[in-house]
Amino acid sequence: MAKSYFMKYYRILFLGICLALTLNAAAQSRRQVKAQELELSGDYPAAIELYKQDMAKKGKSVAALEGIAHCYFAMGDFAQAESFYAQLLERSQRPAHKLSYAEVLLRNGKYAAADSIARKASTDTTLTRHITAACANAMKWESEGEKREVINLTEVNSCYSDWGAQLYTAGKMIFISDRPMEKPDCTGKPGATFAGGFTAQGEENDTVAMTDWSSVRMMPYPFNDKGRQIGPIAVSPNDSTTVYYTRSSTQGTTTRQKVGHEIVRKFSNNLEIYSAKQTEHGWELVTPFEHNNAKLYSVMHPALSPNGKTLYFVSNMPGGVGGYDIWTCDLQSSGAWGKPTNPGAPVNTVGNEMFPTVGANGTLYFSSNRHGGMGGLDIFSTKKVRNKWQPVQNLKSPFNSGADDFFYIENKDNKEGKDSVAYISSNRAGGAGSDDIYMISLRPLKSKVEPVDTTPIDTVPVDTTPIVVDTVVPVPLPELTPVAVVVPEDITLNGKMLDKQTRATLAGVKICATQDASKTSECRECDGNGSFSFALKDGERYTLSAFKEGYQSTAPMRLLATQTLAEEELTIEMTAKEKAAFVSAEAVIDRTKIVKKLLPREYRIQVLANLRETDYDYFETLRRAYPQFELQYTRRDQARRFTYGSFVNLAEARRYLRLFINLGYTDSFIAVFEYGKQTESIFSGGAQSKVAPKRKPAPNRKPAPRR
């Protein structure tokens, strides 16, 4: 589950299409509703079959085509996903559908086409900027990067998902696969069952450190446990008989989703880390990791430092920077692992960081979807120097591609004539299955230079053989608008919470940082030493607020993120009060309360739907296309009123208002809010705006006496 389950979940989140509910529930067929239930539960092959049956009966529909395309994308079958998204665009030109199609083209390495489609989808969205930047990086790095030999390990890979290669002992590799227990049958419909551990035997050849992998065999319990997902596996550098691995738990979280008139409950297993030791009797001493907590969150993807004293892992536990972060634990003298620590920036971002591995020199390799790359997951590296993590580096092409690239392992060989290599996992186009293991030479390929003939010209025999030249018609390249990829550096803010009277450090304080420009907030809990850390965008203004039971909540503190701020530790004092009224961070971060002190006036776009039932679905599409804004709707006077975004600049609000007008919503208007309350409305009829007069309150009238 550590890869197959998580990557499906990641792909769904990345596209922003948790379910493709494009039609009103009343207009959906029973097959479509049932297919959406299967899609939500993760049974994508069964959902695809029902969608296709629906199309065979009623013809191609937007809902069926989008559902099939989404299922193939979640399964990692990007070739089929591209085919069905292309058919979908023949029937729908919605921005979200164009962006989904562009994302699939990016995964399939069709960068120019992906860039063109993304630019046509909309003008300014987070996903649009991500795709165009990734396309620019991919085309630049593939053309200018060093050429290396890339080999698909066909002896190991199958039509299923094969990934997570780890060199166990000399000439032996362990990896993860969801191929069935029996011999894989690729003539049918390969569908992920339960992932488990496998081994392969390798032999040296004349040029590469280790290749010619063969003799693929399934590993015993606990690395293959029916009903559990296993992987990845990390081998202890000090003792190859001890390994750490991820496995699924029976505990997890339940989410509810309305499909048609049904409420579908989906149970998601959380993940845990275990260790095992090989003895003469087999793999024994299966021990859970001290910091597992499957009821609340996942702990997965273990990796060990070269000396075996630091454990790296991935978790979405509270206190992180983003979705899934990389965490570390140090080995204690008692043999137990210490308290988890989040490295913060520059390692972790508001996105997902996962699949860490550590090189022999201590370099940390990991995959991320937010550091800026070529699309999907990219592999990055960083190293701690003088107890400080250095800026992350993208490994670029050919280690990365437009698809998902992860789990980087080096196998360096100092023997004369032998090339050092690295192993990666990727679902890039051209592989045998949904994920494949690749071997890449660490030595760049050298261009062949023909020797110069020094024979005098008058003695060189003339070759009179006719030269046949094949006519090559050059293919014109599409014109691309240059994309400036600017990735702002993060400023790391470190601070400490203190009791104002005793000057003692305060643990368990919840501190929140709110960015003034976007109104987005990040909250975390201080560690046992009262310390906290935030990654702030350079040049942006933030507001810090702190909360703790029994203490007076700290008034918002205004900060400007600069390099000077990062050089000093910020100290925040709180005053203990026995009867202090405790206010939760969530209540204070609520926009209507924080705006009172920060924003005297804001502008929100509102649209009256006027009982047009299709509006709800279309606004759902807009919500996915513009994820940087929250789209809310309310029923008022038998009509839906949609609120879109919050702006402090009237010109910016008017720009987005024109977007809605161009989409046909001429009854859109800008609502003006002061101190959280609406004071006036600036209407637009598609040409010029006017300020609507404030309505006078109706006079109080006494009710007529009953007769």
Side-chain angles (χ1 to χ4, degrees), residues 317-322 325 327-330 338-350 384-391 488-590 593-594 596-598:
M317 64 173 59
V321 177
D325 282 2
W327 296 73
T328 63
C329 279
D330 293 329
K339 186 177 180 180
T341 301
N342 190 306
V347 177
N348 292 316
T349 68
V350 294
K384 184 179 285 188
V385 178
R386 295 179 182 176
N387 208 33
K388 182 178 181 181
W389 289 103
Q390 301 302 298
E489 295 184 0
D490 288 340
I491 298 298
T492 302
L493 171 65
N494 296 310
K496 184 164 290 187
M497 302 300 305
L498 298 178
D499 186 300
K500 188 172 183 179
Q501 283 77 25
T502 65
R503 305 298 296 172
T505 58
L506 290 178
V509 178
K510 189 167 187 178
I511 185 166
C512 300
T514 303
Q515 188 178 13
D516 287 7
S518 64
K519 311 301 176 299
T520 56
S521 301
E522 291 184 34
C523 298
R524 61 199 54 181
E525 191 171 300
C526 296
D527 60 19
N529 297 322
S531 300
F532 63 87
S533 178
F534 285 98
L536 309 179
K537 295 297 182 184
D538 190 8
E540 295 288 338
R541 293 190 177 275
Y542 291 81
T543 300
L544 293 185
S545 301
F547 313 88
K548 183 176 174 62
E549 191 89 37
Y551 281 80
Q552 182 66 45
S553 296
T554 303
M557 177 185 298
R558 301 297 302 279
L559 295 174
L560 175 63
T562 62
Q563 192 60 43
T564 305
L565 182 67
E567 294 174 356
E568 300 179 359
E569 185 179 67
L570 180 66
T571 300
I572 299 180
E573 299 176 344
M574 298 189 72
T575 303
K577 290 188 176 181
E578 294 182 1
K579 297 182 179 180
F582 179 72
V583 181
S584 67
E586 288 73 14
V588 177
I589 293 305
D590 181 69
K593 294 188 177 182
I594 213 165
K596 284 187 177 181
K597 295 182 179 179
L598 303 183

*Asks:* Give the minimum heavy-atom separation between Phe534 and Ile511, together with the two atoms involved.
*Replies:*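 That would be CZ-O, 3.6 Å.
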
*Asks:* Roughly how far, to the nearest 0.5 Å, is OG1 of Thr543 from CD of Gln515?
*Replies:* 10.5 Å

*Asks:* Taking Asp527 for its side chain and Asn529 for its backbone only, find out whether a donor-acceptor pair lies under 3.5 Å.
*Replies:* yes

*Asks:* Please identify each residue that fulfils side chain to side chain contact (heavy atoms under 4.5 Å, CB included) with Thr492, with sequence neighbours left out.
*Replies:*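 Testing Thr492 for side chain to side chain contact (heavy atoms under 4.5 Å, CB included), a comparison that skips the adjacent residues, returns Ala345, Asn494, Ser533.
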
*Asks:* Indicate the atoms forming the closest heavy-atom contact of Pro346 with Gln390, along with that distance.
*Replies:*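 Looks like CG-O, 3.5 Å.
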
*Asks:* Drop me the distance from Cys526's SG to Leu506's CG, to the nearest 0.5 angstrom.
*Replies:*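 These two atoms lie 8.0 Å from each other.
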
*Asks:* Which value, rounded to the nearest 0.5 Å, describes the distance between Lys537 atom NZ and Ile491 atom CD1?
*Replies:* 10.5 Å

*Asks:* Kindly compute the distance separating OG1 (Thr328) from CG (Asn342), expressed to the nearest 0.5 Å.
*Replies:* 8.0 Å

*Asks:* Asp330: which residues meet the side-chain hydrogen bond (donor to acceptor under 3.5 Å, both in side chains) condition with it, sequence neighbours left out?
*Replies:* Thr310

*Asks:* Looking at residues at least two apart in the chain, or sitting in another chain, which of them share a side-chain hydrogen bond (donor to acceptor under 3.5 Å, both in side chains) with Glu573?
*Replies:* Arg503

*Asks:* Specify the closest pair of heavy atoms between Met497 and Ala546, including all atoms of both residues, with the distance to one decimal.
*Replies:*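 Smallest heavy-atom distance, with atoms named: CE-CB, 3.7 Å.
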
*Asks:* Can you tell me if Lys548 uses its side chain to pair, donor with acceptor, with the backbone of Ala507 under 3.5 Å?
*Replies:*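 Pair found, side chain donor or acceptor close to backbone of Ala507.
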
*Asks:* Heavy atoms only: give me the nearest Cys329-Gly338 pair and the separation to one decimal.
*Replies:* SG-O, 3.2 Å

*Asks:* How many angstroms lie between atom OH of Tyr542 and atom CD of Glu522, to the nearest 0.5 angstrom?
*Replies:* 7.5 Å

*Asks:* Is there a side chain to side chain contact (heavy atoms under 4.5 Å, CB included) between Asn348 and Trp327 once you walk through the steps?
*Replies:* CA-CA 9 Å; Asn348 292 316; Trp327 296 73; 5.8 Å; no

*Asks:* What's the spacing between Lys496 NZ and Glu569 CD if we round to 0.5 Å?
*Replies:* 5.0 Å

*Asks:* Verify side chain to side chain contact (heavy atoms under 4.5 Å, CB included) between Val321 and Arg524, making sure each step is shown before the conclusion.
*Replies:* CA-CA 8 Å; Val321 177; Arg524 61 199 54 181; 4.0 Å; yes

*Asks:* Quick one, Leu498 and Thr505 - any side-chain contact, counting heavy atoms below 4.5 Å?
*Replies:*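 Yes, side chains in contact.
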
*Asks:* Could you check Val509 against Phe532 for side chain to side chain contact (heavy atoms under 4.5 Å, CB included), going step by step and ending with a plain yes or no?
*Replies:* CA-CA 9 Å; Val509 178; Phe532 63 87; over 6 Å; no

